[in-house]
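Structure record follows, encoded as structure tokens.
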There are 2 protein chains.
Amino acid sequence: MPRDRVTIQHVAKRAKVSLGTASRVLNGNKSVSPEIRTRVERAIMDLDYRPNAVAQSMRRGNSRAVGLMLREFTLPVLASFVRAVQNVLRGAEYSLILAGSEDQRQRELELLAALSSRRIDGLILTTSSEADEDLLRSREALQVPVVLLDRSVPASVDALLIDHRAGIRQAVSYLLNLDHRRIALLTGSENVRPAAERVLGYRDAFEEAGMKPAPDLIRTESFTAEFGYKETLTLLGRQAPPTALIAGGIAMLPGVLRAVRQKGLRVPEDVSIIGTCDSDLAELGTPPISVLRWDYAVLGRAAAELLLDRLQGDRHRPPHRIEVEAELVIRGSCAPPPDVSRRRRGGQERTTRKLRSGVSA
Amino acid sequence: MPRDRVTIQHVAKRAKVSLGTASRVLNGNKSVSPEIRTRVERAIMDLDYRPNAVAQSMRRGNSRAVGLMLREFTLPVLASFVRAVQNVLRGAEYSLILAGSEDQRQRELELLAALSSRRIDGLILTTSSEADEDLLRSREALQVPVVLLDRSVPASVDALLIDHRAGIRQAVSYLLNLDHRRIALLTGSENVRPAAERVLGYRDAFEEAGMKPAPDLIRTESFTAEFGYKETLTLLGRQAPPTALIAGGIAMLPGVLRAVRQKGLRVPEDVSIIGTCDSDLAELGTPPISVLRWDYAVLGRAAAELLLDRLQGDRHRPPHRIEVEAELVIRGSCAPPPDVSRRRRGGQERTTRKLRSGVSA
DNA sequence: TTGAAAGCGCTAACAG
DNA sequence: CTGTTAGCGCTTTCAA
């Protein structure tokens, strides 16, 4: 049977001081004589005393814990986001309470309630929907500073935003320059920012090139690999299949590749592919896949710092909004579409194409 | 300015009952008249009251939170472990406090102290060292049930163990049967179980085949991709380089592949490779990589259930020990070593080789 | 069945 | 500089 945990009372008794004085030493209060301070510190060591954070929270009215609610954190990039958050928080002696919503509204609601009960001091999150009333209300009810990740929001909260629109515009332009015309964009439902922005970027690129996108090639439903897989299968089974696919979601690439492989198609000879998140697979696969990427570790650090800033500083400063760029990394997964290649091999003349600037290697 | 959070006092007042009665309703105590119960429930709804978990913890002496300390959780497989843990815990209304140690002793110590302060009710962890006195003492000091993940330990705690030894034995046998003789094993320091077991399995296989392993091909230092990269580079630069490489760590495969690619070698023609953890890269790469794998989601669920069992049941039952098998998944990354192939192409006779049974496809 | 009151471990305000 | 004390929000005796 575990003997009772040692409390500040025990420390006080052993150091032969009052409880209040022991507390003062613990909290680094100036007004304690050196001699007594030493005595107390001694007692703390001897007893291996560890302050009860629960009692401290109770008394101080804060928990020194922050919640982190994401769709999931199984994806390496999100995990690296979590790690960055954690590293910053650790330095400030905050604990991290993890909450994976699996993108389900009901679960989000439950988790928000649980976090509320725990009286977290702050919250970093991305929600399944941006408009849902209940969700918004639950978040409000927490009455704590919030940092939103890649969701568009009322102007009142801090947020980290990824510039998907410019990223996708760049990717699509690149494909257009390779003479692709039937470019499919697979991404999540447009009621969240990343998907909506990607669709805008897609249209931007076509418009900029003075073209109209083929209808029906923008598929917005889910960010999952599963959706990428099924949709790719469907698209590639069409009469006039797309010649290029953009996997618009950080988990989607494996699904798309699986489908392409299942169809027995080669990348990039038969179909070009651009991912929307870097990974070992994209980097070391054969061929390596060109991707749009941004640094989640940087995002994580920024998110945590934004939150700490509010927690420790001015809770009423105007909200910050940090936007990060998506970088197009060209690797080996894109080539001119097969019909063009054929024409070329046939020796037909072609107008020169210039690679748009701003595309990095 | 956030108006004060509503407490059980407010609920009691509004329902015109005593605080104690309100509490009873909250806790589903039988002895409350239906009428009053309704009134209180009504008040709870009206006020959107959320019990203060901090105060509850204080009073009850438990926190309904468990700590999860891993080397890191950036790896997809570990993240899926975390997710499984979380899913089980959520059902039991426990929160998860995440702690990534980055495999650093000092950080582990700090995190353990922080978790102790928070009065977590239980802990799931893997430590950087199995023998370290301070670590052991800190863990003891927590005085809570512990589930250890893939570490060998005093017989007193619950543990989940992966049978690396049998797994590696199987993998090495497979390679020996392909006529490999110079088989390198890259893994972490032998002072933790997975590495130690892998080395044993490696020796087992050679012994079983009546052979002696070439010296200097067991490289035990670190589980990182970085180590895999550097060591592979070194090994492949030798006079007599290994013809097969086993990446003995869940993060190591990308490093090994990177090095192989950098050397301009082909898999499996020039060198055979076996990974020790499944991944998108292993599954969808070209060629797909043969791996030893086990199910981390199952492990996570088991870990959480083991812990809950203790938390909610008999805290003094004898410790459980769950061992999971590693399955060898044969894909396309292994072939006979180049010299053998050459000999073969030359038409030389060869003794028949039988594929050892127990190797799954 | 209900109310009153003690006390979990701690911090901070107040007195000395 | 130090000791005493109230009270954070809640659960749980103990009485009624």
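Values reported hereafter were calculated over all heavy atoms of this structure, with side chains retained and with hydrogens, waters and symmetry mates removed. By convention in this document, chain letters (A, B, ...) are assigned in the order of the sequence lines, proteins followed by strands, and residues within each chain are numbered from 1.
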Please examine the side chains of [Y] and [X], heavy atoms only from C-beta on, and report whether any two atoms are closer than 4.5 Å.
| X | Y | value |
| --- | --- | --- |
| A:L311 | A:V66 | yes |
| A:L26 | A:P51 | yes |
| B:N27 | B:S23 | yes |

Residues that [X] engages under side-chain contact (heavy atoms from CB on, under 4.5 Å), provided they are two or more places apart:
| X | value |
| --- | --- |
| A:R24 | A:T21, A:N29, A:V32 |
| A:A92 | A:Y94, A:L308, A:Q312 |
| A:S189 | A:N191 |
| B:D132 | B:R105, B:S129, B:D134, B:L135 |

Under the salt bridge (Lys or Arg N to Asp or Glu O under 4.0 Å) rule, what pairs show up with a residue in residues 109-121 of chain B, not counting sequence neighbours?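 Counting only pairs at least two positions apart or across chains, no salt bridge (Lys or Arg N to Asp or Glu O under 4.0 Å) contact touches residues 109-121 of chain B.
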Separation of atom [atom1] in [X] from atom [atom2] in [N], rounded to whole Å:
| X | N | atom1 | atom2 | value |
| --- | --- | --- | --- | --- |
| B:I8 | D:dC8 | CD1 | P | 14 Å |
| B:N52 | D:dC10 | CG | C1' | 8 Å |
| A:Q56 | D:dG7 | CD | C1' | 16 Å |
| B:R39 | C:dT1 | CZ | P | 15 Å |
| B:N62 | C:dG9 | CG | C1' | 15 Å |
| A:R5 | C:dG7 | CZ | P | 22 Å |
| A:L47 | C:dG9 | CG | P | 14 Å |
| A:K16 | D:dG3 | NZ | C1' | 16 Å |

Pair listing, side-chain hydrogen bond (donor to acceptor under 3.5 Å, both in side chains) test, anchored in residues 296-310 of chain A, at least two apart: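 Checked against side-chain hydrogen bond (donor to acceptor under 3.5 Å, both in side chains) - neighbours excluded - the pairs reaching residues 296-310 of chain A are A:D158-A:R310, A:W294-A:Y296, A:D309-A:R317.
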Identify whether any heavy atom of [X] sits under 4.0 Å from a base atom; if not, whether one sits that close to sugar-phosphate; answer base, sugar-phosphate or nothing.
| X | result |
| --- | --- |
| B:L19 | base |
| A:V17 | sugar-phosphate |
| B:G61 | nothing |

All N/O donor-acceptor pairs, side-chain side in residues 71-85 of chain A, below 3.5 Å, sequence neighbours left out:
unit_1	atom_1	unit_2	atom_2	d
A:E72	OE1	A:T74	OG1	3.2
A:E72	OE1	B:R83	NH1	3.4
A:S80	OG	A:V77	O	2.9

From the options D:dT2, D:dT5, D:dC10, select the nucleotide whose nearest atom is closest to the side chain of B:Y49.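 That would be D:dC10.
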Closest listed nucleotide, where the reference is the side chain of B:M58 and the choices are C:dC8, D:dT12, C:dC10: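 Side chain of B:M58 sits closest to C:dC8.
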Does B:T7 make a side-chain N or O approach to OP1 or OP2 of D:dG9 shorter than 4.0 Å?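 For B:T7, the contact criterion (side-chain N or O under 4.0 Å from OP1 or OP2 of D:dG9) is not met.
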Closer than 4.0 Å, any side-chain N/O of A:T21 to the OP1 or OP2 of D:dT2?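 Checking A:T21 against D:dT2: no side-chain N or O falls below 4.0 Å of OP1 or OP2.
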Just to be sure I understand the geometry, which residues of residues 26-35 of chain B put a non-hydrogen atom under 4.0 Å away from DNA chain C?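 By residue number: B:S31, B:V32, B:S33.
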Short N/O separations, protein against nucleotides 13-15 of chain D, under 3.5 angstrom:
none

Please output the side-chain donor-acceptor pairs of residues 39-48 of chain A that fall under 3.5 Å, not counting sequence neighbours, one pair per line with the distance.
unit_1	atom_1	unit_2	atom_2	d
A:R39	NE	A:A15	O	3.0
A:R39	NH2	A:A15	O	3.0
A:R39	NH2	A:K16	O	3.1
A:R42	NE	A:D46	OD1	3.4
A:D46	OD2	A:R14	NH1	2.7

Within residues 111-120 of chain B: residues closer than 4.0 Å to DNA chain D (heavy atoms):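 DNA chain D contact set from residues 111-120 of chain B: none.
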According to side-chain hydrogen bond (donor to acceptor under 3.5 Å, both in side chains), who are the partners of B:S152, at least two apart in sequence or on a separate chain?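 For B:S152 the side-chain hydrogen bond (donor to acceptor under 3.5 Å, both in side chains) partners, ignoring immediate neighbours, are B:E130.
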